[in-house]
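Notes follow once the structure below has been shown.
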There are 2 protein chains.
Amino acid sequence: MDKFYIEGSRVFKALGDPRRAMIVDMLSCGELCACMILEKFAMSQSTLSHHMKLLCECGLVVSRNEGKWTYYSLSAEGIAKTKQFFCDITSNKENCICKELNPDQCCNVND
Amino acid sequence: MDKFYIEGSRVFKALGDPRRAMIVDMLSCGELCACMILEKFAMSQSTLSHHMKLLCECGLVVSRNEGKWTYYSLSAEGIAKTKQFFCDITSNKENCICKELNPDQCCNVND
DNA sequence: GCCTCATATCGATATGTGTCAATATGTAAA
DNA sequence: TTTACATATTGACACATATCGATATGAGGC
């Protein structure tokens, strides 16, 4: 399986959970401390930590430690990359050679 | 949990699988018959059918029957809605009141 | 009607994910 | 250096998902 799709789909997998989509929405209004996010949800602290880890690992969210607090915010680069990936796989490509190629080489994708 | 996030994240969940992201990429080059897609993958026919069902259910792909064949293509509306949702949850919103509201009311979201 | 082919559905199973309580880590205050 | 607090990690469990083979459905062709 092509790295291009594995890495690109990671953000979508993270956003595939409605709670994480909601967290991203909250962060779009500005940086938030983990404890502030936790206040809004009926989930345990360990569960939230797990979700935040996934959001960070996929590159959409970045964290910053200040004393004993951890602040989370959206990554402009992560957002841009996600939009780019979505456009890449949904926009019509000229001279498409999907039908002649293996999946690993599909649609002029560079791995 | 707000319908807005549950429905919006469904497409992302579908695209969270690299194989499905690859299928979408293939479809971006034009309509394809199920059998043509199957040729490109090392998966059983029933597995592909399952993936195509998910892609259709989330609204990103539409199917069309012609005789005994089923043709799949991308939905322009589904693509537009997905872009809109992603922009909604990642773009900075003025007068954001996340911190004062419950998650169900977060960020001026209308359900 | 019967046969073939393309696709969908079903049932079983393996793997992945979300969740929590418990515990660990790491920071700052007393 | 204790203590308290914020967050991360671990282990266990329930539930969801991916996968396959087998079977069902549905459309032509004979």
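To find a chain, count down the sequence lines: A is the first, B the second, and so on, and within it residues start at 1.
- To the nearest angstrom, P of dT27(C) lies 13 Å from CH2 of Trp69(A).
- Side-chain to base pairing of Gln45(B) with dA8(C): one donor and one acceptor N or O lie within less than 3.5 Å of each other.
- Taking 4.0 angstrom as the limit, His51(A) places none of its side-chain polar atoms (N or O) nearer than this to OP1 or OP2 of dT17(C).
- The separation between Leu48(A) atom CG and dG18(C) atom P is 13 Å, rounded to whole Å.
- Aromatic ring orientation, Phe12(A) versus Phe12(B): parallel (interplanar angle below 30°, classes split at 30° and 60°).
- Electrostatic pairing of Arg10(A) and Glu57(A) does not count as a salt bridge here, judged by no charged N lying under 4.0 Å from a carboxylate O.
- Each of Asp17(A) and Lys68(A) was matched to the nucleotide of DNA chain C holding its nearest heavy atom; the match closer to the 5' end belongs to Asp17(A).
- Glu57(A) places its CD atom 13 Å from the C1' atom of dT9(D), with the value rounded to the nearest Å.
- At a threshold of 4.0 angstrom between heavy atoms, the contacts of Met52(B) with the nucleic acid are absent.
- The base of dA21(C) sits with one of its N or O atoms less than 3.5 Å from a complementary donor or acceptor on the side chain of Ser46(A).
- Distance from the side chain of Arg20(A) is smallest to dG18(C) among dA18(D), dT7(D), dG18(C).
- No N or O donor and acceptor, one from the side chain of Ser44(B) and one from the base of dG21(D), sit under 3.5 Å apart.
- Comparing dC20(C), dC20(D), dT19(C) by their closest approach to the side chain of Thr47(B) singles out dC20(D).
- At the phosphate of dC20(C), neither OP1 nor OP2 sits under 4.0 Å from any side-chain N or O atom of His50(A).
- What separates CD of Glu66(B) from P of dG26(D) is a distance of 19 Å, to the nearest Å.
- In this structure, Tyr72(A) reaches the dA8(D) phosphate: one of its side-chain N or O atoms is under 4.0 Å from OP1 or OP2.
- At the heavy-atom level, Leu54(A) lies under 4.0 Å from the strands shown only through sugar-phosphate atoms.
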